[in-house]
Amino acid sequence: MSTEEIKSIIHEGIENIDDLDFLETIQSLINEKYLAKPAPHLTDKQIEHLKRSREQIKNGEFHTNDEVKKMMTEWLKK
């Protein structure tokens with residue numbers, strides 16, 4: 001079933017529900033998923049780590065998931 005089909009079924013279902021508690025539960029689920037949340041507070045140290053990480057990525061200083069999996073396999077053998 002496609003996303004659009006599911007949305008259509010949900011929309012139709014909501015239009016036919018008169019149970020306030022149930023609708024409030026759905027609303028809280030939607031709010032939890034989609035309402036903007038405040039940005040987390042980061043310490044100066046955390047911000048500096050993020051800046052360094054971004055620079056490392058720009059410079060190609062990272063490992064792919066496949067590389068890390070291979071490294072982990074080797075570490076676990078020891």
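All values below come from the heavy atoms of this structure, side chains included, with hydrogens, waters and symmetry mates left out. Numbers here are sequence positions counted from 1.
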Student: Membership question, hydrophobic clusters at under 4.5 Å side-chain separation (ILVMFWY): are Ile30 and Leu20 in the same one?
Tutor: no

Student: Around Asn65, counting heavy atoms of other residues, nucleotides and ligands shown, do more than 12 lie under 6.0 Å from its CG?
Tutor: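 Incorrect, the count does not exceed 12.
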
Student: For side-chain contact (heavy atoms from CB on, under 4.5 Å), just list the numbers for Lys51 and Ile47, CA-CA rounded to whole Å, side-chain angles, deciding distance to a tenth of an Å, and then say yes or no.
Tutor: CA-CA 6 Å; Lys51 287 179 183 177; Ile47 292 169; 3.8 Å; yes

Student: Salt bridge (charged side-chain N to carboxylate O under 4.0 Å, His left out), that's the test. Do Lys70 and Glu67 meet it? Break it down for me.
Tutor: CA-CA 5 Å; Lys70 288 177 186 175; Glu67 290 171 334; over 6 Å; no

Student: Output the distance between atom CG (Asn31) and atom CD (Glu24), rounded to the nearest 0.5 Å.
Tutor: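 It comes to 11.0 Å.
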
Student: Kindly say whether His49 contributes a backbone atom to a donor-acceptor pair with the side chain of Ser53 at under 3.5 angstrom?
Tutor: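 A pair under 3.5 Å: yes.
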
Student: Can you confirm whether Glu61 is buried at CD, in the sense that more than 12 heavy atoms of other residues, nucleotides or ligands lie under 6.0 Å from that atom?
Tutor: yes

Student: Closer than 3.5 angstrom, by distance alone: can the side chain of Glu74 be matched with the main-chain N or O of Met71 as a donor-acceptor pair?
Tutor: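 Pair absent, no side-chain N/O of Glu74 close to backbone of Met71.
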
Student: Please determine if Glu55 and Lys58 form a salt bridge, counting it only when a charged side-chain N lies under 4.0 Å from a carboxylate O.
Tutor: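 Salt bridge between Glu55 and Lys58, a charged N being under 4.0 Å from a carboxylate O: yes.
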
Student: Given the rule in the side-chain contact (heavy atoms from CB on, under 4.5 Å) test, do Thr73 and Lys77 qualify, once you have shown the distances and angles that lead to the verdict?
Tutor: CA-CA 6 Å; Thr73 300; Lys77 287 180 182 178; 4.0 Å; yes

Student: If you compare all heavy atoms of Thr25 against all heavy atoms of Ser28, which two are closest, and at what distance to 0.1 Å?
Tutor: O-OG, 2.8 Å

Student: Starting at CG of Leu35, measure out to CD of Gln27 and round the result to the nearest 0.5 Å.
Tutor: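 Here the interatomic distance stands at 8.5 Å.
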
Student: Can any side-chain N or O of Asp19 pair as donor or acceptor with the backbone N or O of Asp21 at less than 3.5 Å?
Tutor: yes

Student: Please answer: with hydrophobic residues joined when any side-chain heavy atoms are less than 4.5 Å apart, are Ile14 and Leu29 in the same cluster?
Tutor: no

Student: Any sub-3.5 Å donor-acceptor pair from Glu12's side-chain atoms to Ile9's backbone N or O?
Tutor: no

Student: Give the minimum heavy-atom separation between Ile57 and Phe62, together with the two atoms involved.
Tutor: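 Here Ile57 and Phe62 meet closest at O-CE2, 3.8 Å.
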
